[in-house]
**Q** 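Encoded as structure tokens, here's the structure I'll be asking about.
Just so we're on the same page: letters track the sequence lines, and every chain starts at 1.
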Number of protein chains: 2
Amino acid sequence: MPARQTSKRQTSKSRTLRQTSEARPYHHGDLRRVLIDAALQLAAEGAEVSVREAARRAAVSPAAPFRHFPNRDALMAAVAGEAQRRFRVEIEAALREVPSADPLARFRAFGIAYVRWAIRNPAHFEIISTGRYFAHGGSAELTRDNAELVALTEQMLADAAEQGLLQSADLKRVLIAGRALIYGFARMNLDGHFPRWGVAEDEIERMAEAVIDLFIVGIAKP
Amino acid sequence: MPARQTSKRQTSKSRTLRQTSEARPYHHGDLRRVLIDAALQLAAEGAEVSVREAARRAAVSPAAPFRHFPNRDALMAAVAGEAQRRFRVEIEAALREVPSADPLARFRAFGIAYVRWAIRNPAHFEIISTGRYFAHGGSAELTRDNAELVALTEQMLADAAEQGLLQSADLKRVLIAGRALIYGFARMNLDGHFPRWGVAEDEIERMAEAVIDLFIVGIAKP
DNA sequence: CTATCATGTAATCATCGATTACATTTCGGG
DNA sequence: CCCGAAATGTAATCGATGATTACATGATAG
């Protein structure tokens, strides 16, 4: 057996194993987490995510994952949760660099950060976006988390409207349009459309900015 | 052995069957086509598309499909081709009802027809859009077909610009934005986002129109 | 009529998700 | 401190799938 290397988990396996540095708690310590990470990495490598392969990487039997997830979808839901968490961290970091007084600038920053993350983490974005792993096995935390992101953009547009920056009073429509634009751009990249549209690889991020700017100009009061 | 039931292959005694209309060539006549149709229907039913199930529906052995397609992806590429053909027929029908003199109205009609088809044929749209089955096994015909659709929208915007209807001179940007909007809307529906965004099932098509109108107003010269 | 080719079948593999029975580790209550 | 229950992992196995190989058979040209 090609033993998987040194899982350096130490929990408080207090006394019998006194080597604190070697305090391997059980077999794995936190197989659940290890499996999620393995699956995430698998996705990042462009490989297909299978339960067995995740188990293999965790150096554990093919049946072991099912102790932690009732089925594959549950694992994928957890993976989606983790990916979404990372996604959200990035979005919020980007927003922190924009003055909250300028809602349209915030919307712009949001859109750009969104698309950038989607471009640079295509497999993770795919897992997040499909929603196949949200609704069903997805934790309530995941959907709440997502709802907060929705509310975030809602707030931006509401602020913009309040400041009289918008042309249309139909906020919901503007919101959906903006989201569709951003999401559509990200998915076009993911789904490999841009070559057909004459957008080269290294133009994509710039194009994203241009497109978002176009949208903002379109909805802004002249 | 549970013998494969009643293979009702009436050996057509070719010579005797001179009926040109009955020129049944071999067992199936056109297994390839039957398989594609079976797969399409499978997708339409929301079931997973497997080679074996398609074979089953064609009442043929599990290995038979591989005489017509080198692998599953090739079958899926053919399925995507057929779906795309149907899609294109619908789009062009919709465009025929709009005067060619009004490019923005044509763009609107295109977008609405696009989204409508995507909403009403989700599984087929999924197969078309992913691009997973385009580039690789996809026939050159498929990509050419697609390029023509791209050119269609390009032409609309070019016409609009020529008539001085557009605000921006950067046509490519407007084109990509419009596409991203339409595609994004269609995919949001497909990926199950709308519940989260407070858009009810029966509002979706209306919302699509509203969103597209918003976009057109945004890019049009005031 | 017959040889050849296209088309389909049977048998078989490896992989995967999933389940069941069993083994081992952990940990808390006596 | 010990022991038994609960948690965690393993082994064996199932059924389905994509794919390949050797073989059978219908169709058709010469």
**Q** Could you tell me whether A:Glu209 and A:Arg108 make a salt bridge, using a distance below 4.0 angstrom between a side-chain N and a carboxylate O?
**A** yes
**Q** What's the CG-P distance between A:Leu31 and C:dT25, to the nearest Å?
**A** 16 Å
**Q** Take atom CG of A:Asp30 and atom P of D:dG9, then tell me their distance rounded to the nearest Å.
**A** 9 Å
**Q** Over how many whole Å does the gap from B:Leu35 atom CG to C:dG8 atom P extend?
**A** 8 Å
**Q** Under 4.0 Å between a Lys/Arg side-chain N and an Asp/Glu carboxylate O for B:Arg106 and B:Glu97?
**A** no
**Q** Centre-to-centre under 6.0 Å for B:Tyr114 and B:Phe107, is that the case here?
**A** no
**Q** Determine, for A:Arg85 against A:Asp145, whether the closest basic-nitrogen to carboxylate-oxygen distance falls under 4.0 angstrom.
**A** no
**Q** Take A:Ser129 and A:Arg187, measure what side-chain hydrogen bond (donor to acceptor under 3.5 Å, both in side chains) needs, and give me the verdict at the end.
**A** CA-CA 9 Å; A:Ser129 57; A:Arg187 282 230 60 114; 2.9 Å; yes
**Q** Go through the structure and list residues passing ring-ring contact (aromatic ring centres under 6.0 Å, His included) with A:Trp197, not counting sequence neighbours.
**A** none
**Q** Encode nucleotides 13-18 of chain C as B, S and - characters from 5' to 3', where the letter depends on protein heavy atoms closer than 4.0 Å: B to the base, S only to sugar-phosphate, - to neither.
**A** ---BBB
**Q** Measure from CZ on B:Arg67 to P on D:dG26 and round the result to the nearest Å.
**A** 16 Å
**Q** Look at A:His68 and D:dA7 and indicate whether a side-chain polar atom (N or O) is within less than 4.0 Å of OP1 or OP2.
**A** no
